[in-house]
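This report refers to the structure that appears directly beneath it.
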Amino acid sequence: MKTNFLFFMAGAVLAILSSCGGAAKVTPQADADSMNVKMKDYKIYSISMNKICKEWDGQWQGMTVASDGNCYFSSSTHSKSHGAGFHKFNPTTYQHTMLTEDMTEVCGESATLSQQGKIHSPIAEVGGWLYFCTHLSNYWKEGIENYTGAHVLGYEMATGKFKDYGIVRPRCSIYSALGIDPQRRKIYAFVVPFLPELYESDGCHLYSIDMDSGEKKDLGLVVKGRKAASFWFFIDNKGNVWFTLWKRNYEYENDKGNLYVYRPDQDKIETYVDVLPKGRLIDGTPVDAHNLTQRAWTWLSPFKDRTKCYFSMGTLGGGDEHLWIFDPMKNIENGEAFQEIAAIGSNYFETAVGGDKLYFVQYESLEDARKIFSEDEREIDPSSDKYVDRKLHLRSISLKDGDDHNKITDYGPIIDQDGRAARMIMSMSADDKGHVFVYGSWHVKSFKEATLQYLLFEYPNGDLYRLLKRGEFFAVINTNK
């Protein structure tokens, strides 16, 4: 047996996994004070998630700073026995609260063979409630066949109460866009089949859910097959739902860079064909022909008045290295609706607006950021000859009118209070006080804070786990220090 990781049969890990059960927990401030640790004195302070649950092994999207000032975030799995967690972090007290450890139980499915393993969606706030959706975790054949379907949920911040709107489309996941029209009180979700018999005969649908009655409505087939996703909706102030399709190495004969919109007053989905901006590198060099076919919104943030939105089409979305504004009131066909704001280099989910700044995470080298996907790099054992010590940096630009939007501020490598370095960040949010919140995979100091990963691809039917040399951490970065 190699010493760089450990294998377990599923039955042998029950003692380890039993620590994942229980009610909501609070990371005690007193423990930190007793060790004379002043958490707020650190520029970057992290909290180990795997000390709470060993099976949490990543997080994509699923984070927001709410109107109460707290950061709400999820922690996800690829497990057949454990679902996603949901958490709160108070940036004033640095108190972490686990709101629920297993979203499968919140959905009332603890007795099933299916897991609600992820909150892989944006989290939207309306009227003191946070809204999000679940996503399957168990991607292997058995898991997909047993999956009940993704749920849309609400969480009331004042009471800590969850509201389950139930499964949107039976046996289908939501991958992963969710958005809200507050005037019409509608939740929108992008529903995707993973079961072959469903995506071979059908495909991806757009759904609406009435926030008050819970009524679900199929708004139509968007694309046949499962090889598509939509990560973000821009719901403008007229209630129109704008979105794109993410392909990642797939090409669609009828979508090389389309923009889609559902107009509720017409109750139909329209397609603007090949209108997204042609990708260019930070120096203006056009992207290659393949990347042109991959164009999609890989990050998006609406203006507060919902008249416009910021967007980017970087890593796995066409390779463009610019920040853009989309204005739906301008001409879409001739490109006037798309305004280039800044050249920032490649970016992905690890991007957030906080106050008048755009924050993003990149490798120190822009060439590395362009060519290397950190989710692939995080799996490399740091003791192997394949490992290269590339540091992820937090950077920002100003969004203020009149400022030089191309001036990039680098806050340095993301290294926490104990010297751990971030290896992947795929979930990020920021407030207007200079706090940036991130969740991702980091180096570990001991196996107590390491991820226990189910080997779903190597041994899909073998019930095997591996103890990794990385762990999952939530961290707050104080950019004022």
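Throughout, numbering of the chain's residues begins at 1 and tracks the sequence.
For Asp274 and Arg295, the salt-bridge test passes: some basic side-chain N is under 4.0 Å from an acidic carboxylate O. Salt bridge present: Lys217 and Asp267 bring a charged side-chain N and a carboxylate O closer than 4.0 Å. Asp202 has a carboxylate O that lies under 4.0 Å from a charged side-chain N of Arg169, or vice versa, which qualifies the two as a salt bridge. Ion pairing between Lys163 and Glu156 fails under the 4.0 Å rule for side-chain N and carboxylate O. Between Glu472 and Arg378, at least one side-chain nitrogen of the basic residue sits less than 4.0 Å from a carboxylate oxygen of the acidic one, meeting the salt-bridge criterion.
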>> Run Leu292 and Val287 through side-chain contact (heavy atoms from CB on, under 4.5 Å) and show every step you take.
In response: CA-CA 7 Å; Leu292 282 176; Val287 301; 3.9 Å; yes
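Residue Glu215 qualifies as open at atom CD: its count of foreign heavy atoms under 6.0 Å is 12 or below. Heavy atoms of other residues, nucleotides or ligands lying less than 6.0 angstrom from CG of Asp401 number 12 at most.
Looking only at atom types and distance, the side chain of Asp416 has no donor-acceptor partner in the side chain of Trp442 under 3.5 Å away. Side-chain contact check for Ser176 and Ser121: no donor-acceptor pair (N or O, by modelled atom type) lies under 3.5 Å. In summary, the side chains of Glu109 and Thr148 do present a donor paired with an acceptor at a separation below 3.5 Å, with no hydrogens or angles considered. A donor-acceptor contact closer than 3.5 angstrom is absent between the side chains of Gln116 and Ser137. No side-chain donor-acceptor contact under 3.5 Å links His78 and Glu55.
With a 4.5 Å cut-off on side-chain heavy atoms, Cys107 and Ile167 do not count as touching. Annotation: side chain of Glu321 is not in contact with side chain of Arg280 (no heavy-atom distance under 4.5 Å). Under the 4.5 Å side-chain criterion, counting only non-hydrogen atoms from C-beta, Leu136 is in contact with Phe194.
Partners of Asp431 according to the side chain to side chain donor-acceptor pair (under 3.5 Å) rule, which considers only residues two or more places apart in sequence or in another chain, are His435.
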Side chains of residues 392-400: which donor-acceptor pairs under 3.5 Å do they make with residues two or more places apart or in other chains?
| unit_1 | atom_1 | unit_2 | atom_2 | d |
| --- | --- | --- | --- | --- |
| His393 | ND1 | Asp410 | OD1 | 3.0 |
| His393 | ND1 | Asp410 | OD2 | 3.1 |
| Arg395 | NE | Asp410 | OD2 | 3.1 |
| Arg395 | NH1 | Gln362 | OE1 | 2.9 |
| Arg395 | NH1 | Tyr363 | O | 3.0 |
| Arg395 | NH2 | Glu364 | O | 2.8 |
| Arg395 | NH2 | Asp410 | OD2 | 3.2 |
| Ser396 | OG | Tyr411 | OH | 2.8 |
| Ser398 | OG | Lys400 | N | 3.2 |
| Ser398 | OG | Asp403 | OD2 | 2.6 |

